[in-house]
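Residue indices begin at 1 and follow the sequence shown.
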Amino acid sequence: MRINKAFTLAEVLVTLSIIGVVAAMTIPPLITKYNKMVWVNQLKKSVSTLENGYKMILVSNGVDDLGDTDLFRLDSDYWTGYIDRYKKYFKIISGERLSPNRTDSYKNLDGVAYTWQVEFKFKFADGSTVYTAAMGRGGVSDCDAIKQQGGNLCYWIGSDIIIDVNSEKGPNQWGRDVFAFILSQDGHLYPFGGKDYGIALGGYWRNPGMKVPYSPGMECAGRVIEEGWKMNY
């Protein structure tokens, strides 16, 4: 007579426990890896969208300096007109002037809240949020010295560009889904912590003992891009 032998309850529970332990060890790292890939891909798309838009503004105005375009034109309706002019070149759902002038409250890589002083907030059709300033020109005193060191960032306009790649979705953290850039007058976005930013303004993420004078996570845009659009941290 053949006897069919089944698993005992104890054996089933042990097997389920082992499966649970293996899942607990492998699934979180896989989710983290996937999230990093999504954030980086969204960042890459956002940078491309913005740079293409700024280059189109230069072409449309027939100039090579964003400060000479209609977007940054100084007139009586400058502050209200800036949002309308921005809509001409970018696909945005909404735009608003911030009061007080700051980003939403994001956390740095240490988990501490850190805000940024900007003037405008734009929600893009692709799900990202971009913070920017409408005015301001800046530059270094010795552009030739910058060039000799291999740098390209000499002049910028509109202060900083902050990109939240997924808007309200988490983790809303600098260096994860929120990144900082500086807009040059030729329409290029230079990442905080990158080589060009470091040469012109200090704070290169590769420098030993580098201390960026901002929240931990501000230099991550430079690292992500220079490591081949990968989030290796």
Picking from Asp196, Ile225, Leu183, what satisfies side chain to side chain contact (heavy atoms under 4.5 Å, CB included) with Tyr190?
-> Asp196
Determine, step by step, whether Tyr82 and Phe120 satisfy the ring-ring contact (aromatic ring centres under 6.0 Å, His included) criterion, reporting the C-alpha distance in whole Å, the side-chain angles of both residues, the deciding distance to 0.1 Å, and the verdict.
-> CA-CA 9 Å; Tyr82 180 79; Phe120 291 91; 4.7 Å; yes
Check whether Leu66 and Val63 end up in the same hydrophobic cluster, where Ile, Leu, Val, Met, Phe, Trp and Tyr are linked by side-chain heavy atoms less than 4.5 Å apart.
-> yes
Would you say Thr132's side chain and Ile161's backbone share a donor-acceptor pair under 3.5 angstrom?
-> no
Group every Ile, Leu, Val, Met, Phe, Trp and Tyr by side-chain heavy-atom contacts under 4.5 Å, then state whether Val47 and Met37 land in the same group.
-> no
Side chain to side chain, Tyr54 and Leu71, heavy atoms closer than 4.5 Å | yes
Heavy atoms, side chains only, cut-off 4.5 Å: are Asp160 and Phe181 in contact?
-> no
Quick one: are Thr129 and Asn166 in side-chain contact, heavy atoms under 4.5 Å?
-> no
Can any side-chain N or O of Asp110 pair as donor or acceptor with the backbone N or O of Val112 at less than 3.5 Å?
-> no
Does the ring center of Tyr86 lie less than 6.0 Å from the ring center of Phe72?
-> no
With hydrophobic residues grouped by side-chain heavy-atom distances under 4.5 Å, do Phe179 and Trp229 end up in a single group?
-> yes
May I have the step-by-step check of side chain to side chain contact (heavy atoms under 4.5 Å, CB included) for Lys107 and Asn172, ending in yes or no?
-> CA-CA 7 Å; Lys107 293 182 179 179; Asn172 292 324; over 6 Å; no
Going by atom types only, do Tyr204 and Glu226 share a side-chain donor-acceptor pair under 3.5 Å?
-> yes
Roughly how far, to the nearest 0.5 Å, is CD1 of Ile182 from CZ of Phe192?
-> 6.0 Å
Would you say the side chain of Asp64 lies within less than 4.5 Å of the side chain of Asp186, judging by non-hydrogen atoms?
-> no
Output yes when a side-chain donor or acceptor of Glu51 lies under 3.5 Å from a complementary backbone atom of Leu189, and no otherwise.
-> yes
Lys195 NZ: over 12 foreign heavy atoms closer than 6.0 Å = no
Verify same cluster id: Leu98, Tyr114 (apolar side-chain graph, 4.5 Å) = yes
Side-chain heavy atoms of Ser46 within contact of Val130, under 4.5 Å | no
Decide yes or no on side chain to side chain contact (heavy atoms under 4.5 Å, CB included) for Ser128 and Lys123, but give the supporting numbers first.
-> CA-CA 6 Å; Ser128 64; Lys123 286 196 172 183; over 6 Å; no
Any side-chain heavy-atom pair of Ile199 and Leu153 under 4.5 Å = no
What residue among Asp164, Ile93, Thr49 forms side chain to side chain contact (heavy atoms under 4.5 Å, CB included) with Phe124?
-> Thr49
Scan side-chain atoms only and decide if Asp104 and Tyr131 contain a donor-acceptor pair under the 3.5 Å cut-off.
-> yes
Polar side chain donor-acceptor pair, Asp68 to Asn61, under 3.5 angstrom = no
Value rounded to 0.5 Å, distance of OH in Tyr155 from OG in Ser184 = 12.5 Å
Nearest heavy-atom approach of Ser167 to Gly127 is OG-O, 2.7 Å
Least distance between heavy atoms, Tyr197 atom then Pro191 atom | CB-O, 3.4 Å
First locate atom CH2 of Trp174, then atom CG of Asn108, and finally report the distance between them rounded to the nearest 0.5 Å.
-> 10.0 Å
Carefully, step by step, assess Glu119 and Arg102 under the rule salt bridge (charged side-chain N to carboxylate O under 4.0 Å, His left out).
-> CA-CA 7 Å; Glu119 294 168 309; Arg102 65 176 192 172; over 6 Å; no
Backbone N or O of Tyr233 within a donor-acceptor pair of the Lys36 side chain at under 3.5 Å?
-> yes
CD/Glu227 to CH2/Trp205 distance, rounded to the nearest 0.5 angstrom?
-> 3.5 Å
Where is the tightest heavy-atom contact between Lys147 and Cys154, given as atom of each residue plus distance?
-> CE-SG, 4.2 Å
After noting the C-alpha distance and the side-chain angles of Gln185 and Trp156, does the key distance pass the side chain to side chain contact (heavy atoms under 4.5 Å, CB included) rule?
-> CA-CA 5 Å; Gln185 291 173 305; Trp156 50 91; 5.6 Å; no
Heavy-atom side-chain contact between Arg176 and Leu109 under 4.5 Å | yes
Path from Val38 to Ile163 over hydrophobic side-chain contacts below 4.5 Å | no
Distance in Å, Asn232 CG paired with Cys220 SG, rounded so as to fall on 0.5 Å steps | 11.0 Å
With a 4.5 Å heavy-atom cut-off, do Lys44 and Val224 have their side chains touching?
-> no
Which value, rounded to the nearest 0.5 Å, describes the distance between Trp116 atom CH2 and Ser105 atom OG?
-> 14.0 Å
